[in-house]
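So the structure is just underneath, and the comments pick up after that.
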Amino acid sequence: MSFPLLTATAVLPAVGAVATAAVPAARRTAAKWLALLVSLATLVLATVVMVRFDPGGARYQLTESHAWIADFGVRYELGVDGIAVALLGLTALLMPFIILAGWHDADPLETGSKRWRPTQGFFALILAVEAMVIISFEATDVFLFYIFFEAMLIPMYFLIGGFGDRAHAQGEEAASTQRSYAAVKFLLYNLVGGLIMLAAVIGLYTVAGNFSLTEIAQARANGTLHMATSTERWLFLGFFFAFAVKAPLWPLHTWLPNAMQESTAPVAVLITAVVDKVGTFAMLRFCLQLFPEASKWATPTILVLALISIIYGALLAVGQRDIKRLVAYASISHFGFIILGIFAMTSQGQSGATLYMVNHGISTAALMLVAGFLISRRGSRLIADYGGVQKVAPVLAGTFLIGGLATLSLPGLAPFVSEFLVLVGTFTRYPAIGIIATFGIVLAALYTLVLYQRTMTGPVKPAVSTMPDLKVRELVVVAPLIVLLIFLGVYPKPVTDIVNPAVKQTMSDVHKTDPKPAVEAAK
């Protein structure tokens, strides 16, 4: 039997999580290094997956299939297509930077504090989330996917509630209350979505008799499995609701600003750059592939909700006084673009949406991690508490600017390519929606540049006059992300070559072709 490469990519961080948690309490530094080495080893395995994946080959590759709960048709089935490979690579790439950025976030608090921060637990939980996200991208059994889709909520709950941001103006007791509120809200929203999805998963089994994504999709394609129109629509809504909560799509988004505000910067990146991508990925893999007709039926409504997310998220970002909440609402706007591209039902839109998932992960990581370094120096998340930072910490200000420019999709940086593809793909089929969505770009420029102006320019405020610039560890975190933003902005071909064949197959699943140009090109 060939080496189970996909299983190894998920098992390695899971084993690493257990090993990190078992490190003696006095050996905090050893736990950090162990977590970092495990994340780097996982990145190596993910790189091997990307190298071995053949974009022109079978749809699902490196497959594994073993009997699990035979009486209920549940199998341990894994396989990756181009979309899953791209997101697997993104996850594995970001984890070492998340761990490095959070190197001191779980250190014990000052002497006399009532709270003890278990360093080993912090890094073990991060590795546990990585393992569950990776297997969610790899699972081709619907029930297997559901288990880890839900299980990742538990470590995230403890990361949000137990390891919050220290920059809280109202004291430790108030900070603890706010963290608990954010963690519970995150858990309840996602649990409700998961329970509704569980009902849909059971309904799918009663119709199909098994949970295998590939078998069900094939049976639907060749006409051996028929679903009543109403049945397909109800099942689609059950799946889509859970994914829309995770994404997050308006009006199911309200948990995200609280969660990101109260989390440490690395955990905030873990939420929006890694965990939330499972929702949009699952829309492509499960909603469109299992329920093609229902997907087309729901498209007009979903496009309107995505458009509201784009404009609403951007408008609220403009008015934020808290740096983290601003990035959270900006992410809601960006996820609106991703969902818009998915349900535009064009190859450009879906390629752009997949590329957007990757690019948004990198750009948000760059911006949020630099913002975290900034906040840790000043001890405040409020924009009004900053000013003139670029004069005392020019490298910090410069990297913050590049992360911000990537967020507003400046040409030459990675998100521009994906946003452009989404808008082109949307405009060719839904021109009115495409035109309105472009206002999101204008608003993005407004909230990003205003944020930079208020924090980095102007007179130097006394509280930031002695602020140190980025240290070596922080530069190691930020510099590769900046390089990737520039590289993929100039040359996105390595990612598009991987995802485009998978997008074509998804378009075939929903029986859609790209609209023909209104005016034929001159011969």
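Numbering of residues begins at 1 and proceeds along the displayed sequence. As the structure is a computational prediction, the values presented were derived from the model and not from experiment.
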So [Y] and [X], do their side chains get closer than 4.5 Å, heavy atoms only?
X: I310; Y: F439; result: no
X: I338; Y: V422; result: no
X: T63; Y: V80; result: no
X: L355; Y: V417; result: yes
X: Q320; Y: L451; result: no
X: Q348; Y: F420; result: no
X: D322; Y: I383; result: no
X: L369; Y: V269; result: yes

Which residues pass the ring-ring contact (aromatic ring centres under 6.0 Å, His included) test with F286, sequence neighbours left out? F145
Show, in sequence, the C-alpha distance, side-chain angles and deciding distance for E262 and Y181, and conclude whether the side-chain contact (heavy atoms from CB on, under 4.5 Å) test is met. CA-CA 9 Å; E262 299 302 328; Y181 172 77; over 6 Å; no
Checking side-chain polar atoms at under 3.5 Å, does T457 have a donor or acceptor matched by the opposite partner on Q390? no
Report yes or no: do E138 and T9 form a side-chain donor-acceptor pair below 3.5 Å? yes
Which donor-acceptor pairs under 3.5 Å do the side chains of residues 478-503 make with protein atoms, sequence neighbours left out?
| residue | atom | partner | partner atom | Å |
| --- | --- | --- | --- | --- |
| K493 | NZ | D497 | OD2 | 2.6 |
| T496 | OG1 | P492 | O | 3.4 |
| T496 | OG1 | K493 | O | 3.2 |
| N500 | OD1 | S351 | OG | 2.7 |
| N500 | ND2 | T496 | O | 3.2 |

Is the [atom1] atom of [X] crowded by more than 12 outside heavy atoms at less than 6.0 Å?
X: Y452; atom1: OH; answer: yes
X: F97; atom1: CZ; answer: yes
X: R378; atom1: CZ; answer: yes
X: F158; atom1: CZ; answer: no

Look only at the side chain of [X] and the backbone of [Y], and say whether a donor-acceptor pair between them is shorter than 3.5 Å.
X: E64; Y: L6; value: yes
X: W255; Y: V245; value: yes
X: R381; Y: G372; value: no
X: T346; Y: G425; value: yes
X: E130; Y: S39; value: no

Can you pull out every side-chain hydrogen bond (donor to acceptor under 3.5 Å, both in side chains) where at least one residue sits in residues 391-416? Sequence neighbours excluded, please. S409-E419
Quick one: which residue pairs count as a side-chain hydrogen bond (donor to acceptor under 3.5 Å, both in side chains) with a foot in residues 470-482, not counting sequence neighbours? R377-E474
Would I271 and I160 count as a side-chain contact (heavy atoms from CB on, under 4.5 Å) if you check the C-alpha gap in whole Å, the side-chain angles of each, and the deciding distance to 0.1 Å? CA-CA 10 Å; I271 294 170; I160 297 169; 3.9 Å; yes
Can you name the closest pair of heavy atoms from [X] and [Y] and give their distance?
X: A314; Y: G440; answer: CB-O, 4.5 Å
X: D385; Y: S380; answer: OD2-OG, 2.5 Å
X: L256; Y: A328; answer: CD2-O, 3.9 Å

List the steps and the verdict of side chain to side chain donor-acceptor pair (under 3.5 Å) for T254 and Y189. CA-CA 9 Å; T254 59; Y189 266 69; 2.6 Å; yes
After noting the C-alpha distance and the side-chain angles of L423 and I441, does the key distance pass the side-chain contact (heavy atoms from CB on, under 4.5 Å) rule? CA-CA 11 Å; L423 290 173; I441 302 175; 3.4 Å; yes
[X] and [Y]: aromatic ring centres closer than 6.0 Å?
X: F186; Y: Y157; value: no
X: Y312; Y: H253; value: yes
X: H360; Y: F337; value: no
X: Y447; Y: Y329; value: no

Begin with the C-alpha distance, continue with both residues' side-chain angles, and end with the deciding distance and a verdict on side-chain contact (heavy atoms from CB on, under 4.5 Å) for T272 and F335. CA-CA 9 Å; T272 190; F335 274 102; 3.7 Å; yes
Residue pair F373, F400: steps toward the ring pair (Phe, Tyr, Trp, His ring centres under 6.0 Å) verdict: CA-CA 10 Å; F373 299 149; F400 190 83; over 10 Å; no
Point-to-point distance, once rounded to the nearest 0.5 Å, from [atom1] of [X] to [atom2] of [Y]:
X: L410; Y: L405; atom1: CG; atom2: CG; value: 5.5 Å
X: K32; Y: I99; atom1: NZ; atom2: CD1; value: 12.0 Å
X: S136; Y: L88; atom1: OG; atom2: CG; value: 11.5 Å
X: L382; Y: I323; atom1: CG; atom2: CD1; value: 8.0 Å
X: K185; Y: S180; atom1: NZ; atom2: OG; value: 14.5 Å
X: M156; Y: L187; atom1: CE; atom2: CG; value: 11.0 Å

Please list all pairs meeting ring-ring contact (aromatic ring centres under 6.0 Å, His included) that have one or both residues in residues 23-48, counting only residues at least two apart or in different chains. W33-W103
Pair up each side-chain donor or acceptor in residues 40-51 with any protein partner under 3.5 Å, not counting sequence neighbours, and list the distances.
| residue | atom | partner | partner atom | Å |
| --- | --- | --- | --- | --- |
| T42 | OG1 | V38 | O | 2.8 |
| T47 | OG1 | L43 | O | 2.7 |

Here's a test for you: under ring pair (Phe, Tyr, Trp, His ring centres under 6.0 Å), which of Y60, F281, F149 qualifies with F137? F281
